[in-house]
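Report on one structure; see the data block that follows.
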Amino acid sequence: KMSFELYNTLTAYGDQFQLNKDLNPYDILQQLKPYEKHYTRYNPRTVNNRWGLSITNLDGELGAGPDLDSLLQYNREHNTQLTELDFVTPTPIYDIFKEVLDPIKEHLVRCHVLQLRPGGYFPPHIDSYGTDIDSFRLLIPLENMNPTHSYMIMEDRILHWDYGSTYFVNTCKQHLLFNCGYDNMTMVVLNVLLNKDSAGYILDNSNMI
């Protein structure tokens with residue numbers, strides 16, 4: 001299918017590569033401070049020190065909601081049929097990242113700040129299966145993402161990050177995250193609809209050209 005070919009076009013350049021879209025991580029963290037009380041547990045059914053702050057969601061309000069939950073479990077419990085494509089309304093957090101987000105605004109779905117607090121982790125997992133891939137993942141690392149504080153491992157490779165840079169990451173490969181330090185590991189997770197325009201934007205703005 002077309003989407004699979006498009007995704008393969010992106011991953012041909014690497015499973016993790018930088019775009020020429022940078023933010024000042026210290027400034028961003030300062031701007032996020034007033035919103036600390038709005039962080040809510042990410043997938044609250046599991047005992048895990050993972051927290052989220054919505055950048056786009058269903059209603060533009062901050063706080064707990066299905067966008068920071070397992071959609072599979074949420075839909076089952078509430079008899080709903082929500083998908084990533086439903087979470088497109090900007091919250092007040094959007095403006096903090098406006099510089100990077102505005103050029104791809106029409107392609108953004110379910111975006112959030114993700115914080116793994118001490119001991120927080122994602123076990124090995126793959127985000128998309130099959131031959132029809134709807135979206136791809138961009139990450140902006142903000143703090144404490146690198147060893148030995150924290151680890152993001154893709155297959156058998158430890159990933160390293162420049163804070164404030166925007167990265168394409170191939171989350172169709174098995175990966176895990178683990179905060180084994182004493183401070184918060186904070187990043188921005190952007191889900192971007194996969195189409196010719198969004199893929200073209202990524203390739204036009206990669207640091208490789």
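For the single chain, residues carry numbers from 1 onward in sequence order.
- Relative ring orientation between Phe168 and Phe136 is described as tilted, the plane-to-plane angle lying within the 30° to 60° band.
- Looking at Asn184, its side chain never comes within 3.5 Å of a backbone N or O of Thr186 through a donor-acceptor pair.
- At least one donor-acceptor pair under 3.5 Å links the side chain of Asn49 to the backbone N or O of Pro118.
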- Message: For Arg157 and Asp15: C-alpha separation, side-chain torsions, deciding distance, then whether side-chain contact (heavy atoms from CB on, under 4.5 Å) applies.
- Response: CA-CA 11 Å; Arg157 185 163 66 98; Asp15 290 326; 4.0 Å; yes
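- Within the model, atoms CZ of Phe87 and CG of Leu68 stand 9.0 Å from one another, a figure rounded to the nearest 0.5 Å.
- Tested against Ser150, the residues Met185, Glu143, Met187 include a single side-chain contact (heavy atoms from CB on, under 4.5 Å) partner, Met185.
- Scored by the side-chain hydrogen bond (donor to acceptor under 3.5 Å, both in side chains) test, Ser135 finds no partners at all (sequence neighbours excluded).
- Salt bridge Arg45/Asp69: present, at least one basic N to carboxylate O contact under 4.0 Å.
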- Item | Candidate pair Arg110 and Thr83, rule side-chain contact (heavy atoms from CB on, under 4.5 Å), full reasoning | CA-CA 9 Å; Arg110 197 154 76 137; Thr83 71; over 6 Å; no
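- Between atom CG of residue Leu142 and atom CD1 of residue Ile28 there is a gap of 7.0 Å, rounded to the nearest 0.5 Å.
- For residues 174-196, the pairs satisfying ring-ring contact (aromatic ring centres under 6.0 Å, His included) are His125-His175, with sequence neighbours left out.
- Val88 is not connected to Tyr201 by any chain of hydrophobic side-chain contacts under 4.5 Å among Ile, Leu, Val, Met, Phe, Trp and Tyr, and they are in different clusters.
- Remark: His107 NE2 to Ile202 CD1 distance equals 9.0 Å, nearest 0.5 Å.
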- Query: When you look at Val169 and Met152, which way does the side-chain contact (heavy atoms from CB on, under 4.5 Å) test go after all the steps?
  - Reply: CA-CA 11 Å; Val169 181; Met152 182 166 177; 4.1 Å; yes
- Query: Hey, mind stepping through Asn57 and Thr91 against side-chain contact (heavy atoms from CB on, under 4.5 Å) and telling me if it holds?
  - Reply: CA-CA 7 Å; Asn57 62 12; Thr91 73; 3.7 Å; yes
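- A distance-only check finds no donor-acceptor pair linking the side chain of Tyr74 to the backbone of Asp67 [under 3.5 Å].
- The main-chain N or O of Ser165 is never found under 3.5 Å from a side-chain atom of Asp162 such that the two would form a donor-acceptor pair.
- Partner of Val188 under the side-chain contact (heavy atoms from CB on, under 4.5 Å) criterion, out of Leu139, Ile55, Leu23: Ile55 alone.
- Rounded to the nearest 0.5 angstrom, Trp51 CH2 and Leu114 CG are separated by 12.5 Å.
- The CG atom of Asp22 sits 7.0 Å away from atom CD of Gln18, with the distance rounded to the nearest 0.5 Å.
- In this model, no donor atom of one side chain and acceptor atom of the other lie less than 3.5 Å apart for Thr46 and Asn43.
- By the 30° and 60° cut-offs, the orientation of the rings of Tyr42 relative to His112 is tilted.
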